Amino acid sequence: MANVFERLGVRTAINAVGPSTRLSGGIMPAEVADAMREASQYCVDMAELQARASQIISELTGAEAGYVTSGAAAGLLLGTAACVTGLDPVKMNRLPDTRGLRRRVIIPRSHRNFYDHAIRTVGVELVEVGIADRYSGAGVRDTEAWEIAAAIDADTAAVVYVASATSLPPLAAVVAAAHAADVPVLVDAAAQLPPAANLRRFIELGADLVAFSGGKAIRGPQASGFLCGRRDLIAAVALQHLDLDIYWELWDPPASLIDRRQLPGAPHHGVGRPCKVGKEEVVGLLTALQRFAHEDPDARRARWVALMEALVAASHGVAHAQLELIADPKRAEVPLVRLQLDEQGAGFDALELVRRLRDGTPAIHANPAQAAAGVVLFGPISLQPGEPEQVGARLRQLLGAVSPS
Ligand SMILES: *Cc1c(COP(=O)(O)O)cnc(C)c1O
């Protein structure tokens with residue numbers, strides 16, 4: 001029987017890139033999809049559900065509190081809003097008009113990326129600090145923590161830190177500089193899982209709020225993510241995200257999420273209200289997060305390595321290309337296959353190989369990030385068993401084979 005996409009007349013694809021939003025993320029484990037379907041058959045109070053989510057996220061991250069968002073980018077928007085307003089509903093109602101509010105958000109220059117549009121949506125000014133000499137080829141240095149300290153003033157709402165294996169300055173030094181001035185640090189850790197230890201790491205290093213994606217390696221719903229961090233900031237997040245179409249007299253949110261006694265009244269629908277999450281996403285994210293946190297990391301890695309080994313095996317004898325499995329955890333947190341194309345021999349370049357893979361049936365999406373060096377990358381996270389064999393067969397078809405399969 002035709003699947004739902006066939007019934008809609010939409011092609012499905014083999015996703016050998018990984019959990020990219022553009023390619024619809026990945027494949028949810030059946031347990032997660034089942035939990036979402038089950039959730040869809042009941043109604044709950046969303047504040048109560050988020051309060052329980054906060055507890056679960058808190059247990060898994062070591063943070064005081066947590067909140068399910070519609071993605072890491074939504075987490076950045078909500079987290080920024082919380083840092084600007086605190087628990088003041090007057091300020092919440094004013095956003096994104098930040099006149100007269102603390103409206104500067106400091107970011108190391110080398111951390112700027114397309115997702116910081118989510119931060120600017122709140123109405124703040126992003127202040128880039130330092131010079132990333134190590135990326136220009138001109139030198140070895142990057143932004144230093146003292147430069148962040150020097151940039152903080154009375155109008156500074158937050159320091160944003162985008163975590164990666166190569167991020168500088170070290171997070172602990174940034175936290176020390178920010179906390180010395182009583183300014184919170186918001187960490188974008190969207191794609192920093194695995195390793196699962198990172199669920200706790202940024203909080204342990206002193207981050208006030210950390211945003212993770214739910215639709216990447218966690219394998220939750222594509223439109224999900226979560227924040228973890230300080231209880232007061234998570235309360236400010238909730239106040240600017242939850243639907244507040246209710247009389248104050250009737251409004252009774254769990255005190256562990258929002259302590260009503262701290263408020264003069266409830267704010268209007270907040271700047272985060274368009275980042276709505278449904279009960280299905282909350283339940284799906286929690287199910288996937290618990291599964292991710294408890295899965296044996298070696299078993300997870302073995303599953304990914306097996307998919308990548310199958311891709312290499314199925315490409316055996318392919319002409320004009322060298323395939324290398326990179327499975328050493330020191331080289332790659334997630335195992336991958338690196339295809340070095342002999343562009344002269346093949347008669348076309350790596351970008352064209354990516355295009356031809358994509359334009360076949362079924363479409364195969366590969367990672368072109370290193371195409372300038374003649375390299376095409378393949379990742380395991382969004383692949384299904386059986387698909388690596390199809391990728392290998394297509395490569396042999398497109399490039400020719402020097403030995404029979
Ligand atoms: C993927 C990513 C995001 C966005 O995450 P979503 O969950 O898709 O909103 C933000 N920042 C970084 C660094 C990312 O890699």
Side-chain angles (χ1 to χ4, degrees), residues 15 17-28 32 36 53 57 61 66-82 105 107-122 124 126 128 132 135 142 158-168 171 174 185-195 198-199 201-202 207 209-229 237 241 271-278 280-282 284-289 292 332-334 336 365 367-369 377 379 381-382:
N15 179 358
V17 174
S20 139
T21 299
R22 183 175 63 81
L23 297 174
S24 75
I27 311 292
M28 283 195 299
V32 179
M36 290 181 76
I57 293 168
T61 61
Y67 197 85
V68 179
T69 64
S70 54
L76 295 177
L77 187 160
L78 291 162
T80 302
V105 172
I107 185 168
R109 193 180 305 273
S110 59
H111 295 210
R112 284 295 312 270
N113 66 81
F114 289 179
Y115 296 106
D116 61 37
H117 207 140
I119 296 165
R120 292 189 290 117
T121 302
V122 173
V124 298
L126 265 185
E128 293 179 16
Y135 288 115
D142 202 326
V159 175
V160 166
Y161 188 95
V162 182
S164 78
T166 56
S167 297
L168 285 174
L171 178 58
V174 172
V185 176
L186 167 58
V187 173
D188 176 354
Q192 297 309 298
L193 302 171
N198 278 352
L199 285 171
R201 179 157 163 264
F202 308 111
L209 282 174
V210 185
F212 289 98
S213 270
K216 292 180 177 169
I218 291 177
R219 299 170 76 202
Q222 176 51 198
S224 76
F226 66 96
L227 278 166
C228 58
V237 162
H241 182 259
V271 71
R273 174 63 179 75
C275 308
K276 172 169 163 173
V277 280
E280 298 85 0
E281 280 75 31
V282 177
L285 181 277
L286 293 175
T287 306
L289 176 59
F292 175 85
E333 194 57 61
V334 176
L336 69 146
H365 293 278
N367 183 345
L377 301 171
I381 296 184
S382 303

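Every number for a ligand or one of its atoms is a count from 1 in the order of the listing. Worth saying up front: this structure is predicted, and the values here are computed from it rather than measured.
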* Structure fact -> If you scan protein heavy atoms around atom 4 (C) of ligand 1, the nearest is Y115 CE2, 3.4 Å
* With distance as the sole test, does D188 use its side chain to make a donor-acceptor pair with the main-chain N or O of L186 at under 3.5 Å? -> no
* Asked: Any luck finding a side-chain donor-acceptor pair between S24 and Q222 under 3.5 Å?
  -> no
* Does the side chain of S213 reach to within under 4.5 Å of the side chain of I218, using non-hydrogen atoms? -> no
* **Atom indices of ligand 1 within 4.0 angstrom of G71 heavy atoms, with elements** => 7 (O), 9 (O)
* Asked: Backbone or side chain, does any N or O of A72 fall under 3.5 Å from an N or O of ligand 1?
  -> yes
* Structure fact -> Closest to atom 13 (C) of ligand 1 among protein heavy atoms sits D188 OD2, 3.4 Å
* Looking only at heavy atoms, which two atoms of A190 and A72 are closest? And how far apart? -> CB-CB, 3.5 Å
* Check each of C275, A189, S213 against atom 5 (O) of ligand 1 and report the one with the nearest heavy atom. => S213
* Asked: Would one find an N or O of S224, backbone or side chain, under 3.5 Å from an N or O of ligand 1?
  -> no
* To do: Please report the C-alpha distance between E281 and S70 in whole Å, then the side-chain angles of each, then the deciding distance to 0.1 Å, and finally whether the side chain to side chain contact (heavy atoms under 4.5 Å, CB included) criterion is met.
  => CA-CA 8 Å; E281 280 75 31; S70 54; over 6 Å; no
* Element-labelled atoms of ligand 1 that are located less than 4.0 Å from some non-hydrogen atom of T21 -> 8 (O)
* Plane angle bin for F212 and F226 - parallel if under 30°, tilted between 30 and 60°, otherwise perpendicular -> parallel
* To do: May I ask you to list the atoms of ligand 1 that are less than 4.0 angstrom from any heavy atom of A191?
  => 15 (O)
* Asked: Looking only at distance, does A73 have an N or O less than 3.5 Å from an N or O of ligand 1?
  -> yes
* Check whether any side-chain heavy atom of D116 lies under 4.5 Å from a side-chain heavy atom of H111, and answer yes or no. => no
* Asked: Atoms of ligand 1 less than 4.0 Å from K216 heavy atoms?
  -> 1 (C), 2 (C), 3 (C), 5 (O), 14 (C), 15 (O)
